[in-house]
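Below you'll find the structure, written out as C-alpha cells, and then a few comments.
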Amino acid sequence: MGGPRETIKRDRKTGLPDLEGAVMGEVVMRFAPGPSGPLHIGHSRAAILNDEYCKKYKGKFILRFEDTNPDRIDPDAYDMIPQDLEWLGVNTDETFVQSDRFDTYYHVAKDLILAGAAYVCTIDTEVWRSMKLAGKAVEERDDGPEVQLERWDRMLDGTYSEGEASLVVKTDLDHRNPAVRDFIGMRIKDDPHPRTKDRFRVYPLYNLSVAIDDHIMGCTHILRGKDHLNNTLRQEYVYRHLDWDLPKFIHYGLVSIPESILKTSLIRQEITNGNYSGWSDVRLGTLQALAARGFDPKALRDYWTETGIKSVDINFSWDTLYAKNRTLIDNKARRFFFVPSPTPLIFEYGGVLEANIPYHPERPEMGVRKHRIAPHNGTIRLCIPEKDLREAGNGSVVRLKDLCNVKLMDVSKGIGEFAGTDVSIIREVKGRIVQWVLEDSEPLEIYTPEGEVVKGLVEPGITNTVSNGDMIQFERVGYCRVFFDHGMKANMAHE
RNA sequence: GCUCCCAUAGUGUAGACCGGUCAAUCAUUCCGGCCUUUCGAGCCGGUGACACGGGUUCGAAUCCCGUUGGGAGCACCA
C-alpha cells in the first residue's frame, strides 16, 4: 500500500512569458500611439505590456507619436498621452514624433525607388486596386528607377496635386493574401499639419513610416495587437527590400471592452455638445476617467500582466479589474457615511447620543470620527437611506451603525422607538445595520460610471481628515474619490 | 468571396513546444458557511472547462488531419 497520495506542486508560472530572442539589456521596444486623443483602457494594455518587458529585460522603451495623418490629430494629445503614461507608471526613455522625421521618410523612399521596390502610381485608385486584386500590375509599376525618381520629385515639388499620385511599395502581386499585395507608402495631402503646417505635403502612411522608424530606432521586439497581423506582413517587405534585419513580431489577441465608451472622435463630439464633462468624465473608458474614479494604476498593470500576450481574443472584465483595485485600495480608504435618498427617522430619547466611529475597521490606529447627537424637545432626528427604511418595514429593528438600535413603528412617517445601544441585539434579530447622518449634513453627489447621479447627505467633518481628491469608502455604498473644490462631489470607482 | 490568426469553467489564465505525475492550476464571478457594528475586507467550502469528429500511440488537453465556431485584414486611417 502506498502512503497518502503525493500531491505534486507544479511550478505555477507567474508574470509574463519570456520574450523570444530577448537579450538582457539589449531589448528595445516602443509604444506608438496616434495623437488623436488621450489614452484609454485599450491603449493601456500595449503601454503596460511593452513597459513590463522593457523592465524585465532592462531594455529601452520608446514613445513615438504617429502623427502622419494631419486630419486625425488632437494637438492636446501630445501632452495628454505622456501624462496618461505617467499616471500608469510607464516610463519611456526616448520620445520621437513622426512629423519631425519627414526627411528620413523621404530619404528611405528614395532608397526604395532606387532598389526597384517602389513606384509612383498616377492611376485612378479604383483601377489600381481592382488590378491588384486580380494580381495584375499597372503599367507604371515596371518603369525603371530613373522614371520613378522623376515622378517622385514631381510629387514633392507640387506638380502632382492631392490624389493624383502616390508612392506604392511593391510586395508581391501574386501573394495568396490579397491584403498584402502592393500597398501605398506615401500620399499627397494639402491639409495643414498642426505641427508642420504646410511645410510638407507628401505624407508617409502607417506601414511605411512604422517600418522605417522601428528599424532606425533599433526596435528588437514589436509587441502589438493581432489587428496588425497583416500590417506586419506588409512591413516585412520594407525590411527585406532594404536588407534590414527583422525584429521579432508578437501579436496579442484583441480585447473587447464591454460597456465602455472609447472612441475618441465620438467622445470629443459629446464633450463639445456638453454631454460629457470632459475626457475624465466617469462614464468614459479613458485613463483620465479611471484616474478620476480613484483607480490605482497598479490594478491595470496587474490585470494586463495576468492577461498576458496570448493571441486569443478576450473579453475585458470590469469585475476582475474592480477586484484588483479593491485589494489595492481597501486598506488605505477611510470609511464614511453617505446616505442616498435621505429619509428622516425620528425617535424620542432623553439623553445625548455619542458615536465614535473608526475610520477603518481593521486599522484602529487611524482613529475615530466623533458625532454628538442631542435631542430637540426630547426627539432625535436623523436620516437613513430611504431604501433601508422601506425595506426594513414596521416592527423591525435597525441598527444605526455605531450609535444605537431603533425599532421602526411607522415607516411611512419615519417614526421609531429607541431600542438600546447594545449591538448584540441586532445580531439576534438579524436586523440590518445602516449608515446614518444628521439632518443638516452636507449634500453630496456621487457620479457613477453608469451615468447616475446619486444625491444624498454626507457626514459632516469629512473634510477634516480627507483631502480633495482622496479615495475613501462610503460604507454600504462603494469606493469613491471625493472632491471638495466645486461643491461636494464624489466619483464612484466601484462597490 | 479571398487570406491570416485563434479555440481549457461565466470571464481571464497555467499546463501544450519536450504525450504519462491532469482525477486539469490560479484569479475573478456565482452559491453556501464563518467572522465582522458596512452590502467592504478577511477566512473556509462548493458549482463550473480541455469546441466537435477522426488519426498516431500502450497512453492525447498536449502531436496530425478535418469540421464547427470566433476574430482580423483585403484604405491615399493608425
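This one's a predicted model, so the numbers in the text were calculated from it and none came from an experiment. Chain identifiers are assigned alphabetically (A, B, ...) following the order of the sequence lines, protein sequences preceding nucleic acid strands; residue numbering begins at 1 within each chain.
- Residues Asp84(A) and Leu39(A) share a closest heavy-atom pair of OD2-N, 2.8 Å.
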Parsed dot-bracket for RNA chain B after applying the Watson-Crick and G-U rules with both distances under 3.5 Å and | for other-strand partners is (((((((..(((.......[.....))).(((((.......)))))....(((((..]....))))))))))))....
Going 5' to 3' through nucleotides 66-78 of chain B and flagging B where a protein heavy-atom sits under 4.0 Å of the base, S where only the sugar-phosphate is that close, and - otherwise, we get ----BSSBSSBBB
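- Remark: the separation of the P atoms in rA16(B) and rC22(B) is 13 Å, to the nearest Å.
- Toward the 5′ end of RNA chain B lies the nearest nucleotide of Val312(A), the other residue of the pair Val312(A) and Glu495(A) mapping further downstream.
- Put simply, the side chain of His175(A) never gets that close to the backbone of Asp172(A): no donor and acceptor are under 3.5 Å apart.
- Taking the six-membered ring for Trp and the full ring otherwise, the centers of Phe316(A) and Trp304(A) sit less than 6.0 Å from each other.
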N/O-N/O pairs, protein side and nucleotides 41-47 of chain B side, under 3.5 Å:
| residue | atom | partner | partner atom | Å |
| --- | --- | --- | --- | --- |
| rA41(B) | OP1 | Arg326(A) | NH1 | 3.3 |

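- Side-chain atoms of Asp67(A) come within 3.5 Å of backbone atoms of Ser99(A) as a donor-acceptor pair (strictly under, hydrogens ignored).
- Under the side chain to side chain contact (heavy atoms under 4.5 Å, CB included) criterion, Thr232(A) pairs with Arg224(A), Glu236(A), Phe249(A), His251(A), sequence neighbours left out.
- Between Phe474(A) and Phe336(A), a ring centre-to-centre spacing not shorter than 6.0 Å is recorded.
- Between Arg176(A) and the phosphate of rC4(B), there is a side-chain N or O to OP1/OP2 separation shorter than 4.0 Å.
- Using a 4.0 Å heavy-atom criterion, one finds that Asp302(A) contacts no nucleic acid atom at all.
- With sequence neighbours left out, Arg372(A) forms a salt bridge (charged side-chain N to carboxylate O under 4.0 Å, His left out) with Glu354(A).
- In terms of heavy atoms, Asn315(A) sits closest to Ser256(A) at OD1-OG, 2.8 Å.
- Remark: Arg234(A) pairs with no residue by the salt bridge (charged side-chain N to carboxylate O under 4.0 Å, His left out) rule, at least two apart or across chains.
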